[in-house]
Protein chains: 2
Amino acid sequence: MLDFPRMEKDAPQYETIRRHYLFAGLDDGVFEALAANISVEAYDKGEILFHRGDPAHDFFFTETGQVELSLISPEGQKKVVEVIGHDRTFAEAIVFMRERVFPVTAEAISDTVVYRIPNDTYRKMLSDDTDACMRLLSDVCRHLHQRVREIERLTIQNARSRLSSYLIDHVVDTDDDEATVRLDLPKHIIASRLSITPETLSRLLRSLADEGILTVDDRLIFVHSLARLRPYD
Amino acid sequence: MLDFPRMEKDAPQYETIRRHYLFAGLDDGVFEALAANISVEAYDKGEILFHRGDPAHDFFFTETGQVELSLISPEGQKKVVEVIGHDRTFAEAIVFMRERVFPVTAEAISDTVVYRIPNDTYRKMLSDDTDACMRLLSDVCRHLHQRVREIERLTIQNARSRLSSYLIDHVVDTDDDEATVRLDLPKHIIASRLSITPETLSRLLRSLADEGILTVDDRLIFVHSLARLRPYD
DNA sequence: AAGCCTGATTGACACAGGTCAAGGCACTTC
DNA sequence: GAAGTGCCTTGACCTGTGTCAATCAGGCTT
């Protein structure tokens, strides 16, 4: 991990993070004070940012790269909860958690640059700014809703339906009943996100292809019939 | 559903809800104004408070009874996400959701009295009170964390481990390695919360009993060895 | 070009947990 | 007290998905 201790005001990142909706509404002075406490860090692919259970003093903003948030069972089995990409914050919910430890493990799955934002600085800032508070609230509520939907997918949908949902969520181009999907992640990580094994993912794609519903070309998938792909009509 | 249009200031409920931590910090005047918009409703067992997808204008506080929050698959399969009991609020996250519809269905599973609190009134109140904002934030963050743990349970734990966790969470009395658990819900609802069928729940309890780990006496379970029950050592 | 990774695919097999059907037990209702 | 109803249990059977192992393809390294 490479650490650039402070974020300079003239750094190119300064404006990037400034524009993020959790910061966008802040007064210049307030943001500057906050920025003085934000540090920039670079991680290589495979490096761990933090482990589940580590004390959590900061949250993060991803400038470039991808960070995988995962849970690991005592037997060493891993489940990817979410993958955070460009221009997104993560672990911001622990700003307000009673238990001040990370509930997940974070690993860079490509070379990654993040900004580390201290919780207490941010919290102090919030206590003077109801608008910022409200923005964070709606952010956290959106996350909560996503998690409820995830639970729904895991329980009342089977593996095939979950894959269909995933594909539909990642359509890059659509034309009536046809669509193109670009897989932005290695298949084994997609499998883990869907809580299936890579083998099952491979077999599911195979059987969808055999049914003529789609064609797989490496990381590109051509869906020939969204209607037939869709889990329920 | 029986509706008592307004909450009277001398109603016995007034103090109950006043003490809830989402309201406790409010000034008397502010709370009174809010209370003027809170209505009290009584539901019989089996009645639906709202369906998933219904427009969400209010959130709720449960005074007595139990409310089941569930997801229903297109095939009619139901998954209980959570059961809300006495003195707890629910659906408070939709106060800040972009999409203003309930993400779950709520059904009274016993005779229930709830207070209905309008979102916009509460939101308006929040915009003047950073402390209240912070409290709600930590509340929602706690929920979020619970959901992450639930996802963990569903994915990297099997049915037996999930049952063990549930039992351990519901211990009413413990003595060294032994414990007593009281099941506060009908078994079929517990099964759904654990995302298993009632048949599987029954069989799991049976096999734990056969292994001598516990004894089942109707709604009371005597755990003879917490160590052997516990999913991981 | 040869050798190595890492990731993806395929096949054979196993098993956890679901489905379907039957029956038991405790309550209520008439 | 007969019949009905809701909840739980048990058995027989089935199936989706995981496990294990072998193979393959593509991209790096030397």
Side-chain angles (χ1 to χ4, degrees), chain A residues 44-46 66 68 73 75-80 83 107-111 153-164 166 182-211 214-221 231, chain B residues 44-47 66 68 73 75-80 83 107-111 153-164 166 183-211 214-221 231:
Chain A
D44 289 335
K45 174 174 175 176
Q66 290 169 313
E68 168 199 281
S73 77
E75 296 85 33
Q77 206 182 131
K78 186 162 86 171
K79 148 77 183 170
V80 176
V83 176
E107 176 184 337
I109 55 170
S110 53
D111 293 353
R153 277 189 221 114
L154 289 171
T155 51
I156 61 187
Q157 290 185 195
N158 59 16
R160 169 160 168 174
S161 304
R162 297 206 295 280
L163 173 57
S164 301
Y166 185 90
R182 151 157 262 118
L183 303 180
D184 49 342
L185 295 168
K187 290 211 180 79
H188 68 274
I189 291 186
I190 295 176
S192 178
R193 274 242 39 217
L194 298 173
S195 293
I196 57 180
T197 57
E199 292 94 325
T200 300
L201 174 58
S202 182
R203 283 190 260 263
L204 283 174
L205 281 173
R206 179 51 122 79
S207 80
L208 286 170
D210 287 351
E211 291 176 48
L214 49 75
T215 308
V216 182
D217 176 12
D218 194 39
R219 320 213 65 74
L220 236 47
I221 292 177
Chain B
D44 290 335
K45 176 176 175 175
E47 273 191 291
Q66 290 169 313
E68 168 200 282
S73 76
E75 296 87 32
Q77 207 184 129
K78 186 162 87 172
K79 149 77 182 170
V80 176
V83 177
E107 176 184 336
I109 56 170
S110 53
D111 294 352
R153 275 193 285 263
L154 288 171
T155 51
I156 62 187
Q157 290 184 196
N158 59 17
R160 169 161 167 173
S161 304
R162 296 206 295 278
L163 173 57
S164 301
Y166 185 90
L183 302 180
D184 50 342
L185 295 169
K187 290 212 179 80
H188 69 273
I189 291 186
I190 295 177
S192 177
R193 273 241 41 216
L194 298 173
S195 294
I196 57 180
T197 57
E199 291 94 325
T200 299
L201 174 57
S202 182
R203 283 189 261 262
L204 283 174
L205 281 174
R206 177 52 123 79
S207 80
L208 287 170
D210 286 350
E211 291 176 47
L214 49 76
T215 308
V216 181
D217 176 14
D218 193 39
R219 320 213 65 73
L220 235 47
I221 292 177

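Below, chains carry the letters A, B, ... as their sequence lines are ordered, and counting in each starts from 1.
Across all strands shown, B/Arg206 has heavy atoms under 4.0 Å from sugar-phosphate atoms exclusively, and none from any base. B/Ile196 comes within contact range of the sugar-phosphate backbone alone, with a heavy-atom separation under 4.0 Å but no base atom that close. Nucleic acid contact for A/Ser207: none, since no nucleic acid atom lies under 4.0 Å from a heavy atom of the residue.
Atoms CD (A/Gln157) and P (D/dG16) sit 16 Å apart, rounded to a whole Å. Rounded to whole Å, the distance from CD1 on A/Ile190 to P on C/dT9 is 11 Å. Separating the CG atom of B/Asn158 from the P atom of D/dT17 is a distance of 17 Å, rounded to the nearest angstrom. One interatomic measurement links the two molecules: CD1 of A/Ile156 to P of D/dG16, which rounds to 18 Å at whole-angstrom precision. D/dG6 atom P lies 19 Å from atom CG of B/Leu185, rounded to whole Å. Atoms CG (A/Leu204) and P (D/dG16) sit 11 Å apart, rounded to a whole Å. When rounded to the nearest whole Å, the span between CG of A/Leu194 and P of C/dA8 equals 13 Å. The CD1 atom of B/Ile109 sits 14 Å away from the C1' atom of D/dC7 (whole-angstrom rounding).
Checked by atom type and distance alone, the side chain of A/Arg153 never pairs as donor or acceptor with a backbone atom of A/Leu163 at under 3.5 Å. Of the possible polar contacts, none joining the A/Arg162 side chain to the A/Ile196 backbone as a donor-acceptor pair under 3.5 Å is found. At least one donor-acceptor pair closer than 3.5 Å links the side chain of B/Asp111 to the backbone N or O of B/Lys45. Under the 3.5 Å distance criterion, the side-chain polar atoms of B/Ser202 are left unmatched by any main-chain donor or acceptor of B/Pro198.
The base of D/dT17 lies outside donor-acceptor range of the side chain of A/Arg162, with no N or O pair under 3.5 Å. One can find a donor-acceptor pair under 3.5 Å joining the base of D/dG11 and the side-chain atoms of B/Arg203.
Phosphate contact (OP1/OP2 of D/dG18, side-chain N/O of A/Thr197, threshold under 4.0 Å): present. Note on B/His188: a side-chain N or O is less than 4.0 Å away from OP1 or OP2 of D/dC8. Within the structure, a side-chain polar atom (N or O) of B/Thr200 is placed less than 4.0 Å from OP1 or OP2 of C/dG18.
Distances were taken from every side-chain heavy atom of A/Glu199 (C-beta onward) to each of C/dG11, D/dC7, C/dG17; the shortest belongs to C/dG11. Distances were taken from every side-chain heavy atom of B/Pro198 (C-beta onward) to each of D/dT17, C/dT9, D/dT9; the shortest belongs to D/dT9.
Within 6.0 Å of CZ on A/Arg182 lie no more than 12 heavy atoms contributed by other residues, nucleotides or ligands.
For the pair B/Arg219 and A/Gln77, both in contact range of DNA chain D, the more 5′-proximal nearest nucleotide belongs to B/Arg219.
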